[in-house]
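Quick note on labels: first sequence line is chain A, next is B, and so on, each numbered from 1. Predicted model only: the values in this text are computed from it and were never measured. The analysis underlying the following values was restricted to heavy atoms, covering all of them including side chains, and did not include hydrogens, waters or symmetry mates.
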Number of protein chains: 2
Amino acid sequence: MGALKYAILGLLYQKNMTGYELTKEFETTLLQSWRAKHSQVYPELKSLTEKGLIQYEVKIAGNVLEKKEYSITEEGKNEFLQWAVKLNPIKPIPKDEFRLQLFFSSCIKPEERLLLLENQFTNHHNRLLELRKAIKKFSSIPPDDETEFGDYLVLLGAIMNEENTCKWLKKCITMCQEKMGIEVAAEN
Amino acid sequence: MGALKYAILGLLYQKNMTGYELTKEFETTLLQSWRAKHSQVYPELKSLTEKGLIQYEVKIAGNVLEKKEYSITEEGKNEFLQWAVKLNPIKPIPKDEFRLQLFFSSCIKPEERLLLLENQFTNHHNRLLELRKAIKKFSSIPPDDETEFGDYLVLLGAIMNEENTCKWLKKCITMCQEKMGIEVAAEN
DNA sequence: TTAAAACATGTAAGTATTGACATGTTTTAA
DNA sequence: TTAAAACATGTCAATACTTACATGTTTTAA
């Protein structure tokens with residue numbers, strides 16, 4: 001997709017960072033929009049350095065440990081800002097193994113379908129609680145010129161998304177139970 | 001992710017098909033849960049045949065055109081049904097380039113952020129209208145033992161998802177406009 | 001003081017996926 | 001009749017991504 005490049009440029013646009021710190025951002029703040037493991041981050045940093053979009057300075061931590069502190073170059077800023085305003089078409093609905101399972105669920109017993117749905121509901125509901133906890137760091141809506149504003153909007157979207165997913169799963173569960181009730185009734 | 005395998009097995013569990021027909025299913029019925037291009041489908045069919053999970057029969061269409069009609073084997077059915085009932089943990093929130101753009105949007109002008117949001121809203125709203133058109137093929141909720149039931153539940157989820165995305169984007173637009181209104185007011 | 005956790009940076013092999021290349025047949029509608 | 005659209009099957013190169021391998025330092029808490 002090529003967005004990893006812009007995720008890194010964007011983070012370095014905000015603040016100088018090491019590869020380790022960038023990786024941590026992907027595990028925390030950026031979790032709701034983009035992710036990357038350190039094994040993808042380090043090669044990308046190398047490539048962006050070769051392209052002249054970022055640069056680094058070696059810093060010594062403790063006695064010997066070498067850290068590379070990366071910063072964005074003027075060229076990097078230009079490329080990032082160009083991407084930041086670009087109007088893109090929407091992406092196809094993301095692949096989802098659970099939805100695939102549900103699509104084919106007429107092959108399994110109704111009780112097993114119900115188990116699948118209830119398992120998903122529990123997990124999504126737990127994630128919803130986590131996200132609601134996470135948004136508490138904002139005591140009010142941040143000003144629109146602060147970096148926190150984007151963070152807030154994305155987090156809000158993630159919460160609304162989980163709420164909606166829970167609502168859908170509950171609806172599916174209810175529909176399945178009704179169908180199963182009808183069958184049981186028909187047997188009697 | 002390895003789910004392509006089960007998508008193909010699932011489709012062949014329902015009905016014998018050629019690679020071309022399978023590819024079309026990914027472009028239509030399976031669009032809301034999984035996708036694959038023909039360049040991925042043909043090699044996967046070859047691999048599944050070698051593993052003994054599916055088999056094919058060559059059919060002649062017209063005068064010379066050779067079609068391979070694939071069917072699922074007993075071994076394939078077993079593997080598919082095992083997957084079909086497996087409880088999986090939920091996947092991380094999918095990567096989304098627009099959300100990444102929004103996350104970093106304090107770097108751009110408020111008017112440009114508004115353009116990004118409005119562009120997304122228009123596109124998602126159009127997709128919503130398409131999905132609502134698609135669900136009309138069901139005059140009522142299909143019985144839970146028909147293949148259409150899974151299709152219905154997934155389509156319902158896709159619609160609710162787009163509705164929610166539109167709601168979130170509208171909310172973001174309103175919040176941005178309010179912030180911009182305050183700034184304009186502060187200038188006077 | 002010492003062990004575990006966190007910090008720090010890389011590489012390598014394998015899988016998944018996309019987009020382009022490559023080729024030909026059959027059907028449909030102008 | 002003829003051109004376009006749909007049918008039909010493949011390969012190849014490049015990118016994206018994950019998991020595991022590989023190694024070492026510094027900090028923290030028991």
Side-chain angles (χ1 to χ4, degrees), chain A residues 1-8 11 16-28 30-31 33-51 54-70 88-89 91-97 100, chain B residues 1-8 11 16-28 30-31 33-51 54-70 88-89 91-97 100:
Chain A
M1 300 155 193
L4 174 62
K5 172 179 169 180
Y6 300 106
I8 291 175
L11 288 169
N16 292 357
M17 269 186 260
T18 65
Y20 187 84
E21 288 169 324
L22 284 163
T23 303
K24 282 228 305 193
E25 288 297 308
F26 283 111
E27 290 164 359
T28 53
L30 274 173
L31 207 61
S33 43
W34 208 263
R35 270 159 295 100
K37 309 282 168 70
H38 78 277
S39 54
Q40 212 186 346
V41 171
Y42 289 113
E44 188 67 33
L45 285 171
K46 198 180 166 186
S47 151
L48 292 175
T49 306
E50 282 161 8
K51 284 173 189 144
I54 60 175
Q55 58 195 19
Y56 67 85
E57 213 181 302
V58 176
K59 303 241 165 148
I60 306 293
N63 296 317
V64 290
L65 188 59
E66 289 191 357
K67 293 206 278 184
K68 290 183 182 173
E69 198 183 71
Y70 286 90
N88 290 303
K91 293 284 177 296
I93 296 172
K95 296 171 186 182
D96 184 314
E97 196 165 343
L100 188 65
Chain B
M1 299 156 193
L4 173 62
K5 172 180 169 179
Y6 300 106
I8 291 176
L11 288 169
N16 292 356
M17 270 186 258
T18 65
Y20 186 83
E21 287 170 323
L22 285 163
T23 303
K24 282 228 306 192
E25 288 296 309
F26 284 110
E27 289 164 1
T28 53
L30 275 172
L31 206 61
S33 43
W34 208 264
R35 271 158 294 101
K37 309 283 168 72
H38 78 276
S39 55
Q40 210 186 348
V41 171
Y42 289 114
E44 187 68 33
L45 286 171
K46 198 179 167 186
S47 150
L48 292 175
T49 306
E50 282 161 7
K51 284 172 189 146
I54 60 174
Q55 57 195 21
Y56 66 85
E57 215 181 301
V58 177
K59 303 240 166 150
I60 306 294
N63 296 317
V64 290
L65 188 59
E66 288 191 358
K67 293 204 280 186
K68 289 182 182 174
E69 197 184 71
Y70 285 89
N88 291 302
K91 294 283 176 296
I93 296 171
K95 296 171 188 181
D96 185 314
E97 195 163 345
L100 188 65

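We find that CG of A/Leu48 is positioned 15 Å from C1' of D/dT15, with the value rounded to whole Å. In this structure, CZ of A/Arg35 is placed 11 Å from C1' of D/dC17, rounded to the nearest angstrom. Protein atom CZ of B/Phe26 is 13 Å distant from nucleotide atom C1' of C/dT17, rounded to whole Å. Atom CD of A/Glu44 is separated from atom C1' of D/dT15 by 11 Å (rounded to the nearest Å). To the nearest angstrom, P of C/dT23 lies 19 Å from CD of B/Glu66. In this structure, NZ of A/Lys67 is placed 24 Å from P of D/dT23, rounded to the nearest angstrom. Spacing between atom OH of B/Tyr6 and atom C1' of C/dA16 amounts to 15 Å, rounded to whole angstrom units. Following rounding to the nearest Å, B/His38 (NE2) and D/dA8 (P) show an atom-to-atom distance of 14 Å.
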- Message: Counting primed atoms plus P, OP1 and OP2 as sugar-phosphate and everything else as base, spell out the protein contacts along nucleotides 24-30 of chain C at 4.0 Å heavy-atom distance: B, S or - for each nucleotide, 5' to 3'.
- Response: -SS----
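When all heavy atoms of A/Met17 and A/Leu11 are compared, the closest pair comes out as CE-O, 3.5 Å. For B/Val58 against B/Lys68, the heavy-atom pair with the smallest separation is CG2-CG, 4.4 Å. Here the closest heavy-atom approach between residue A/Leu100 and residue B/Ser33 is recorded as N-CB, 3.7 Å. Here the closest non-hydrogen pair linking B/Gln40 and B/Ala36 is OE1-CB, 3.8 Å. Across all their heavy atoms, A/Thr18 and A/Glu69 have their closest contact at CG2-CA, 4.3 Å. Pairing each heavy atom of B/Thr23 with each of B/Lys37, the nearest pair is CG2-C, 4.4 Å.
Applying the 3.5 Å distance criterion, the base of C/dG10 shares no donor-acceptor pair with the side chain of A/Ser39.
In this structure, the nucleotide among C/dT17, C/dG19, C/dA8 sitting nearest to the side chain of A/Tyr20 is C/dA8. Of the candidates C/dT11, C/dA16, D/dA16, the closest approach to any side-chain atom of A/Pro43 belongs to C/dT11.
Mapped onto DNA chain D by nearest heavy atom, B/Glu21 and B/Lys46 fall at different nucleotides, with B/Glu21 at the one closer to the 5' end. Mapping B/Glu69 and A/Lys37 onto DNA chain D by nearest heavy atom places B/Glu69 closer to the 5' end of the strand.
Helical stems in DNA chain D, defined as runs of 3 or more consecutive Watson-Crick or G-U wobble pairs with both donor-acceptor distances under 3.5 Å, are listed by first residue as C:1-30 with D:1-30.
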- Evaluate the criterion side chain to side chain contact (heavy atoms under 4.5 Å, CB included) for residue pair A/Lys91 and B/Asp96; output intermediate values, then yes/no. CA-CA 8 Å; A/Lys91 293 284 177 296; B/Asp96 185 314; 5.6 Å; no
- Message: Quick one, B/Gln55 with B/Thr49, criterion side chain to side chain contact (heavy atoms under 4.5 Å, CB included). Give me CA distance, side-chain angles, the key distance, then yes/no.
- Response: CA-CA 5 Å; B/Gln55 57 195 21; B/Thr49 306; 5.5 Å; no
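Between the side chain of B/Thr28 and the main chain of B/Lys24, a donor-acceptor pair closer than 3.5 Å is present.
Listed pair A/Lys24 / C/dA8 fails the phosphate criterion, with no side-chain N or O lying under 4.0 Å from OP1 or OP2.
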